[in-house]
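Everything on this sheet refers to the single structure shown next.
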Amino acid sequence: MTRWVMIADLRRCVGCQTCTAACKHTNATPPEVQWRRVLDMELGEYPDVKRVFVPVGCMHCADPPCMHVCPSTATKQRADGIVTIDYDLCIGCAYCAVACPYQARYKTDKPEFAYGAPMESEAKRHDPGRYGVATKCTFCSDRVDAGLEKGLKPGIDPDASPACVNSCIAQALHFGDIEDKASNVSQLLAENQFFRMHEELGTEPGFYYLWDKK
Amino acid sequence: MSGFGPNPWIQRHWDWRAAANFVFGGAGSGLILAAALALPLGPARAVSLPLGLALVALGLTCVWLEIGRPWRALHVFFNARTSWMTREAFAGIALFGVTVAAFFRPGDWMEFVLGFFALLFAWCQAMILRASKGIPAWREPKVIPFILATSLGEGAALAVVLAVAYNMPSPLAYGLLAVALLARAAAWMVYVASVAPKLRGAPQAALVAVTPVLLWIGTFGALALAALAAALPRHFAMLLALAAAAAAILAGWHAKRTLVTRASLNQGFSLPNLPTRGAR
């Protein structure tokens, strides 16, 4: 069985937001919607201050609260762990958004463009089906599926990997199958100390953060 | 959970329209429940049922105005297996049917069914909050008794007004009001004691500020006015019952509005460990 997960190496992330830009470019999300965000955290007080860059987004939880609360069954979970939204079923009640402990879901009620009127690129990729419904990171499932059909390996071959992972200049983001003990992500988790965010809520996120070697 | 991470912020997905569903739906189902429990057959009960349904319908209409795709509203019925919103919708449909039936064919067993579905609707509303894992003030299990108690308290307050208005003295309605308001006050105190330490800033202050309103106006003030209404002649009783109901209901609505729109902090992001820097 396959379980796709993502890893962010907090020691490597430099906060360049290239992943955010790559995600927006790939998924044509409207302004202020960032399926892949990088938080710029300042922690502590002067002179003992630390700065940490933390990529966040949909954690593709194994036990996703967003799916359980969804009244329309628009939110589903694939066998490979990717949590999806069917825009044709979603009623835009935003119950999933308040159920998500990771603030990963967005709802845009009306068309919004970067400079008011749509630019040519925005007009070309404008999708009315994504207004008034919940949207979020898909782990670029279309790229993963297309890559698998070509016999490529997600997380290794760029054509089968999420755009944010491909774009990361510091190799801080990794994607792969955690059920495969020989995969890149399994190896990273075996060699490093890691945590998952808000693990106490029992959602079993599919997004791991590396913070030190073992 | 560690202390590393940016501050939480108030969710903006659910606004007054969602709060109105809890406000009106809770009062409406509470009125139907109170009518089933405490109002004798007669004009007061006959008015209470359509009034309760109207409040429930008003609440559902408000939340319908909030959804992004209102013409797909029927999709709300698709996930009874796990979604409390779906269950609330089904409970609402059942409540409408049972209430209409009870209006035309009242009877002992019908009162039981009526009370059951009114309670079920209020229960679904409480569980909608409970299942919202992203909002600490909502996912707290102690929110359930408060939502149920305030629903019954608001409903009992309306039932007392109707009983007085139609000159149908109902000691049971007064008793129900007293029990429900005291239970609501206790449930709120327990809830706030559990949740307030998990919040901070204005949302915490907003939640704590509800307590005196709920206690002094919504409970003790309302009960004192209701006691006077029970003791005085009908002419005065009507005004006093109205004032008691207004105090009990508005305090409950204030608490629910605060809960949904002002105390609804998410939990932000937090890191149990910070990344190591440099060679080790």
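Chain letters run A, B, ... following the sequence lines, proteins first, then strands; residues in each count from 1.
- The most heavy-atom pairs under 4.5 Å with chain B, out of A:Cys70, A:Cys100, A:Pro65, come from A:Cys70.
- Here the NE2 atom belonging to A:His198 is positioned 8.0 Å from the CG atom belonging to B:Asn266, to the nearest 0.5 angstrom.
- B:Leu74 does not touch chain A: none of its heavy atoms, backbone or side chain, sits under 4.5 Å away.
- The salt bridge (charged side-chain N to carboxylate O under 4.0 Å, His left out) test applied to B:Asp15 returns B:Arg17, not counting sequence neighbours.
- Looking at A:Ser72, its side chain never comes within 3.5 Å of a backbone N or O of B:Phe78 through a donor-acceptor pair.
- Inter-residue side-chain proximity for B:Lys133 and A:Val98 is flagged as unmet; no heavy-atom pair is nearer than 4.5 Å.
- Counting heavy atoms from C-beta on, the side chains of B:Glu66 and A:Cys93 never come closer than 4.5 Å.
- With respect to chain B, the highest number of heavy-atom pairs below 4.5 Å among A:Val133, A:Leu39, A:Thr108, A:Asp9 belongs to A:Leu39.
- Once rounded to the nearest 0.5 Å, the distance linking CZ of A:Arg11 with CG of B:Leu274 reads 13.0 Å.
- At a 4.5 Å heavy-atom cutoff, the contact between A:Phe195 and chain B is made by side-chain atoms alone.
- The list of salt bridge (charged side-chain N to carboxylate O under 4.0 Å, His left out) pairs with a residue in residues 37-49 of chain A, not counting sequence neighbours, reads A:Asp40-A:Arg51.
- Contacts of A:Asp142 classified as salt bridge (charged side-chain N to carboxylate O under 4.0 Å, His left out), with partners at least two apart in sequence or in another chain: none.
- Within 6.0 Å of NZ on A:Lys50 lie no more than 12 heavy atoms contributed by other residues, nucleotides or ligands.
- Within 6.0 Å of NE2 in A:His25 there are 12 or fewer heavy atoms belonging to other residues, nucleotides or ligands.
- Contacts between A:Arg105 and chain B at a heavy-atom distance below 4.5 Å involve the backbone alone (N, CA, C, O).
- The candidate from B:Ala89, B:Ala80, B:Gly268, B:Ala18 with the greatest count of non-hydrogen atom pairs under 4.5 Å with chain A is B:Gly268.
- Taken to the nearest 0.5 Å, the CD1 atom of B:Ile67 stands 9.0 Å off from the SG atom of A:Cys90.
- Residue contact with chain A, scored on non-hydrogen atoms closer than 4.5 Å, is absent for B:Trp71.
- Note: B:Trp14 leads B:Trp9, B:Trp14, B:Trp84 in heavy-atom pairs under 4.5 Å with chain A.
- To the nearest 0.5 Å, atom CD1 of residue A:Ile91 and atom CH2 of residue B:Trp64 are 12.0 Å apart.
- Here the closest heavy-atom approach between residue B:Arg69 and residue A:Gly132 is recorded as CG-O, 3.6 Å.
- Along residues 248-265 of chain B, no residue comes nearer than 4.5 angstrom to chain A, judged on non-hydrogen atoms.
- Two residues are said to be in side-chain contact when any heavy atoms from C-beta on lie closer than 4.5 Å; B:Phe269 and A:Val54 fail this criterion.
- Contact tally against chain B (heavy-atom pairs below 4.5 Å) for A:Leu210, A:Val56, A:Leu89: the top residue is A:Leu89.
- Here OG1 of B:Thr276 is found 8.5 Å from CD of A:Gln193. Values are rounded to the nearest 0.5 Å.
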